[in-house]
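Below, all heavy atoms of this structure are taken into account, side chains as well, without hydrogens, waters or symmetry copies. In this text the structure is predicted, and so the values were computed from the model without any measurement. To find a chain, count down the sequence lines: A is the first, B the second, and so on, and within it residues start at 1.
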There are 2 protein chains.
Amino acid sequence: MTSSPQTSAFAHPGGAAYAPKADVDVMRCLVCDIRNRSLCNSMDEEGLAALAHSSRQLLLPPGTTIVEEGEPALAFFNVTRGTVKLFKSLPDGRRQITGFADAGQFLGLSTAQTYSFGAETVDNVRLCRFLRPQLETLLSDYPTFERRLLAAVTDKLAEAQEQMLLLGRKTAREKVATFLLDRMKAFHQTANRRQEAENLASVPMTRVDIADYLGLTIETVSRTISAFRRSLLIASAENHRIRILSVATLLNIASGQKAD
Amino acid sequence: MTSSPQTSAFAHPGGAAYAPKADVDVMRCLVCDIRNRSLCNSMDEEGLAALAHSSRQLLLPPGTTIVEEGEPALAFFNVTRGTVKLFKSLPDGRRQITGFADAGQFLGLSTAQTYSFGAETVDNVRLCRFLRPQLETLLSDYPTFERRLLAAVTDKLAEAQEQMLLLGRKTAREKVATFLLDRMKAFHQTANRRQEAENLASVPMTRVDIADYLGLTIETVSRTISAFRRSLLIASAENHRIRILSVATLLNIASGQKAD
DNA sequence: GGGCAGACTTGATCTAAATCAAGGTTGCGA
DNA sequence: TCGCAACCTTGATTTAGATCAAGTCTGCCC
């Protein structure tokens, strides 16, 4: 159910995971390759310098804890590469993954003193960390940034509602079809060259993670994916990817149509 | 599954549901009895006048459609009395209620052109309606209001994550226990006299609504509530209320402890 | 105050997905 | 290149909750 032998994002404040030189760092946001797919696209040049100044860049290996359920909510993060999983747990270990944050997505927003969720890297992740006071200064100094964040949180809420529909009312088959299409969309938005992403879904997470995301067991996820493969709706591809052979059929299944 | 023979919140723009006199309306927000439990507590006197000017008050009977899935997102609402249900549906009619908005809660925020969810009154509801351009003006003119809205949406997102944990990983028993405790908390926050709300949960919605909220069937909800009643964990009370006889036990059940 | 519609409860049976139980695959480190 | 650990797949069986099927309760309109 869990697997983090790694360090936390806070473990070594001066450690090697951090970008080493502050002066190089002033340019970081200006030259960031995924800037325009993130919150940061609300910033002008001056704002980008302020962003770079307010944040530190972290490079984290798979299985690293970024945020721990119940710990003080000290920071806000922007994912710039890789995939992060967000989750909540019950005392006996049952876990629900509430979302995956791919490059361009933020995480760690909280109005409470402590985080109500955990976050852990799925693969190799690069992210920008903003400490809370610094984030608050940014919000006050750059109204367009605050407005953009409001829009981003509103979008996350709509996504969460969609996921509630999935968890509460969809069948295993419908859940897995929805997941694969969502991962295709995520890869499409994240991939540098659009061409190569065509009909490919990026699935860097394990079956355990997928099951905990969809409210299923790993066996049911595995069986359902196998069934889709047998029906030639999908095929395996390299690098933890899945090729969607029939988007239309999968869309029908995902939206609850009988069709298959 | 559905039940709205009533008018929509947009049906009669000049109709009787609206507060009749504009000059009385200038004071509306200033004298609002639940102001301090809502977004509006971020406003000074001048701001409250602007709020009153930017919004219209609506009084709606049970079963009225406030927002329709897929319709243009023209307005934002603040509930000031009663309970509203928010939901998403699948083409075949399966429905997931994503939340109940009680007095003091907002609804209708959307970055898309259309609403991705529906909203309908559960009982007699009073709400303030802000058209989109007016809301945007308010956000720009009153930074504290915008900051407060950001905090409110962030809280809604945390709530949604909690509900995903419930939908994906809790048993029927745990779901119903969680629901009853949440309704007790909601009533406690909404009730005028705190005393009378002690250990009472307000449950104005039908079994169908509860089932669609918890990802269960009405039969399972009914059986589970009956079982709690038989175990003397709860008892019926007047006015669609339920008295919680053992908060501690229900808390244990809700959080996944074996205890009962 | 009788009847009826909508909401709720309870019981019997069924089934989708969970659980239990073996293997099979893959990739990495010695 | 061998061995092992983590991950994944497939099959058999069980079960929590769904579905099917009657009732019962409540309040409201005539």
- Query: Quick one: on DNA chain D, does A:Thr220 or B:Thr171 contact a more 5' nucleotide (nearest heavy atom)?
  - Reply: A:Thr220

- Note on the structure: Of B:His240 and A:Val221, the one whose nearest nucleotide on DNA chain C sits closer to the 5' end is B:His240

- Euclidean distance, atom CD of residue A:Glu219 to atom P of D:dT10 [Å, nearest integer]: 12 Å

- Task: Please state how far atom CG in A:Asn239 lies from atom C1' in C:dG27, giving the value in whole angstrom units.
- Result: 14 Å

- Item | Closest non-hydrogen atom pair between B:Val122 and B:Val84, with its separation | CG2-C, 4.2 Å

- Item | B:Asp102, B:Leu107, B:Ile34 screened by side-chain contact (heavy atoms from CB on, under 4.5 Å) with B:Val79, the one that passes | B:Leu107

- With sugar-phosphate meaning primed atoms plus P, OP1 and OP2, does A:Ser222 contact a base, only sugar-phosphate, or nothing at under 4.0 Å between heavy atoms? base

- When all nucleic acid strands are considered with a 4.0 Å heavy-atom cut-off, which category describes B:Thr217: base, sugar-phosphate, or nothing? base

- Message: Within the 4.0 Å heavy-atom criterion, would you say B:Leu216 contacts the bases, only the backbone, or no part of the nucleic acid?
- Response: sugar-phosphate

- Task: Mark yes or no for whether B:Arg229, through its side chain, and B:Ile234, through its backbone, hold a donor-acceptor pair below 3.5 Å.
- Result: no

- Message: Is it the case that the base of D:dT19 and the side chain of B:Arg223 share a donor-acceptor contact (distance under 3.5 Å, atom types as modelled)?
- Response: yes

- Message: I need the CG-C1' distance between A:Asp212 and D:dC7, as an integer number of Å.
- Response: 15 Å

- B:Arg207 has an atom CZ; how far is it from atom P of D:dA18, in whole Å? 15 Å

- Message: Just the rounded figure in Å: distance from P of C:dA21 to CD1 of A:Ile218.
- Response: 15 Å

- Rounded to whole angstrom units, what separation is found between the CZ atom of B:Arg169 and the C1' atom of C:dA17? 11 Å

- Query: Roughly how many Å is it from CZ in B:Arg229 to P in C:dC8, rounded to a whole number?
  - Reply: 11 Å

- Task: Take atom CD1 of A:Ile225 and atom P of D:dT10, then tell me their distance rounded to the nearest Å.
- Result: 11 Å

- Give a yes/no on whether any side-chain N or O of A:Thr206 is located under 4.0 angstrom from OP1 or OP2 of D:dA6. no

- Message: Tell me whether A:Arg129 forms a cation-pi arrangement with A:Phe77, defined as NZ or CZ under 6.0 Å from the six-membered ring centre and within 45 degrees of its axis.
- Response: no

- Exercise: do A:Arg126 and A:Thr80 side chains pair donor with acceptor under 3.5 Å: yes

